[in-house]
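A quick write-up on the structure given underneath.
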Amino acid sequence: MLGLLKKEFLALLRDKKSRFVLIGPPLIQLLVFGYAATYDLNRVPIAIYNEDSGSASRELIARFTGAKAFREVGRITRQSDIAEFINPKKALLVLHVGREFSRDLSKRKPASIQIIVDGRNSNTALITLNYAQTILADFNRTWAEQQRLEKPPARLEIRAWFNPNLNSQWFIVPGIVGLLTLVVTMLVTALSVAREREQGTFDQLLVTPFTPLEILIGKALPGVLIGLVESSFIVLMAVYWFHVPFVGDVAALYLGIVLFVVATVGVGLMISSLATTQQQGLLGAFLFIVPSIILSGFATPIANMPEAMQTLTLLIPLRYFLVIVRGVMLEGIPLSLLSDQYWPMAVIGFATLGLAAWLFRRRLY
């Protein structure tokens, strides 16, 4: 078995394509996803349409233009100019302050402003509106204190648990641990048997004293070890590079990692046992990877999906692992409360490995 393991690692490390798959894409994707995949908006282009010359309007506009979330790209003097900024996407938001704004505030009358957003990207528009409402709420509070106005009888105070600053990297980067581990482990195992067939070395395995089960284990263990190393590296990067907190138990996380990697290796070996070329193995791997990412809850909540899709997600190992990695790192969920996430991955792992062994034995004979 040690000789077979050594052979598998040598085959991976000597092949330029395999070395690139192991080292290049995970590091590049970690940095790209970590910095580019974010729900936070920075320097959103906005245009200002101010019809009021009072101090209140100037103070409100200064809060918008001085915020890190916004970047002023122009001033508007006529209402017809709004379309010239919104239509070609020069500005995502237009702030319109009416000519009676400061006067209404000084007379303690309700004063309104208008915000026009580009609704072609609804998700970005909603996030931008939330930023604008936060700035307006802060302006109202400060204005009431300066003018010694009575505060409203009820006030909403928002407090976010586990992520006080609502930093989207704290949500996305832990998910990348599962995503990249899935991609690397799946590609390594899905190409293993297919590579042997394509290179003509598969027949050499058949004349060795190994049984089909031993050959399957020899193919599975390198994928498991590579998955553990990859996931450990990404976890360290998440904690020490992206500064994502780790408040849970390391044992709880690594039990989830082991079960997730085993389940992924099982699926990869199933694909590899069916493929006759590396191209077929690669296509089969991506046929599983892409739906897994979409249905796992990595970016969109599973509860928002149709019921049929929610049922289908029960077959996706990444679904359970994302709950574990985010729960352990951000919430500190103990091992005892994660059993309902562990056992489905264990069932998927044993089922796929068993089916891979059956397919492997069937292809041998």
Side-chain angles (χ1 to χ4, degrees), residues 1 5 8-9 12 21-23 25-27 29-30 33-34 162-163 169-189 217-269 288-289 292-293 296-298 313-353 356:
M1 291 300 297
L5 283 174
E8 286 297 314
F9 277 112
L12 284 171
V21 167
L22 292 177
I23 301 172
L27 184 59
Q29 291 172 8
L30 175 61
F33 277 105
F162 309 121
N163 191 353
Q169 277 190 339
W170 289 18
F171 172 79
I172 292 175
V173 174
I176 295 174
V177 178
L179 190 150
L180 294 186
T181 302
L182 170 70
V183 172
V184 174
T185 307
M186 179 66 65
L187 290 178
V188 168
T189 52
I217 294 173
K219 294 289 185 182
L221 283 179
V224 172
L225 295 176
I226 289 170
L228 291 174
V229 173
E230 288 282 351
S231 57
S232 299
F233 171 74
I234 301 169
V235 168
L236 291 175
M237 288 287 290
V239 174
Y240 293 105
W241 184 270
F242 292 101
H243 304 292
V244 178
F246 192 111
V247 299
D249 185 11
V250 176
L253 176 62
Y254 269 87
L255 177 58
I257 290 175
V258 170
L259 293 174
F260 173 63
V261 170
V262 168
T264 305
V265 167
V267 176
L269 287 176
F288 179 81
I289 290 172
S292 293
I293 296 173
S296 65
F298 173 76
T313 63
L314 298 176
L315 301 175
I316 306 297
L318 186 59
R319 168 208 167 118
Y320 306 102
F321 182 68
L322 290 181
V323 176
I324 295 171
V325 67
R326 287 169 175 163
V328 171
M329 293 186 69
L330 300 180
E331 304 174 45
I333 299 178
L335 190 148
S336 58
L337 296 181
L338 292 171
S339 59
D340 57 339
Q341 307 298 326
Y342 291 136
W343 72 261
M345 288 195 297
V347 170
I348 294 172
F350 284 117
T352 52
L353 284 173

I'd like to check [X] versus [Y] (side-chain heavy atoms, cut-off strictly below 4.5 Å). Are they in contact?
{"X": "L236", "Y": "W241", "result": "no"}
{"X": "V235", "Y": "L253", "result": "yes"}
{"X": "M345", "Y": "I324", "result": "yes"}
{"X": "L255", "Y": "L338", "result": "no"}
{"X": "P245", "Y": "L330", "result": "yes"}

Give me each pair satisfying ring pair (Phe, Tyr, Trp, His ring centres under 6.0 Å) with a member in residues 314-337, each pair once, sequence neighbours excluded.
F260-F321
Taking all non-hydrogen atoms of both residues, which atom of [X] and which atom of [Y] are closest, and how far apart?
{"X": "A238", "Y": "M329", "result": "CB-CE, 4.3 Å"}
{"X": "L259", "Y": "A346", "result": "CD2-CB, 4.1 Å"}
{"X": "I348", "Y": "A263", "result": "CG2-CB, 4.0 Å"}
{"X": "G332", "Y": "V247", "result": "N-CG2, 3.4 Å"}
{"X": "V325", "Y": "V177", "result": "CG2-CB, 4.3 Å"}
{"X": "K219", "Y": "L269", "result": "CB-CD2, 3.9 Å"}

Donor-acceptor pair, distance only, cut-off 3.5 Å: does the side chain of [X] make one with the backbone of [Y]?
{"X": "R319", "Y": "G297", "value": "no"}
{"X": "T185", "Y": "L182", "value": "no"}
{"X": "T181", "Y": "G178", "value": "no"}

Atom [atom1] in [X], atom [atom2] in [Y]: separation rounded to 0.5 Å?
{"X": "I234", "Y": "L179", "atom1": "CD1", "atom2": "CG", "result": "8.5 Å"}
{"X": "L322", "Y": "I316", "atom1": "CG", "atom2": "CD1", "result": "11.0 Å"}
{"X": "L335", "Y": "L337", "atom1": "CG", "atom2": "CG", "result": "9.0 Å"}
{"X": "L353", "Y": "I217", "atom1": "CG", "atom2": "CD1", "result": "9.5 Å"}
{"X": "Q169", "Y": "I176", "atom1": "CD", "atom2": "CD1", "result": "8.5 Å"}

Residues forming a ring pair (Phe, Tyr, Trp, His ring centres under 6.0 Å) with F288, sequence neighbours excluded:
none
In this structure, are over 12 heavy atoms from other groups packed under 6.0 Å from F350 atom CZ?
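Check fails, neighbour count at 12 or below.
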Does the side chain of Y254 come under 3.5 Å of the side chain of S231 through a donor N or O and an acceptor N or O?
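Distance-only check fails for Y254 and S231.
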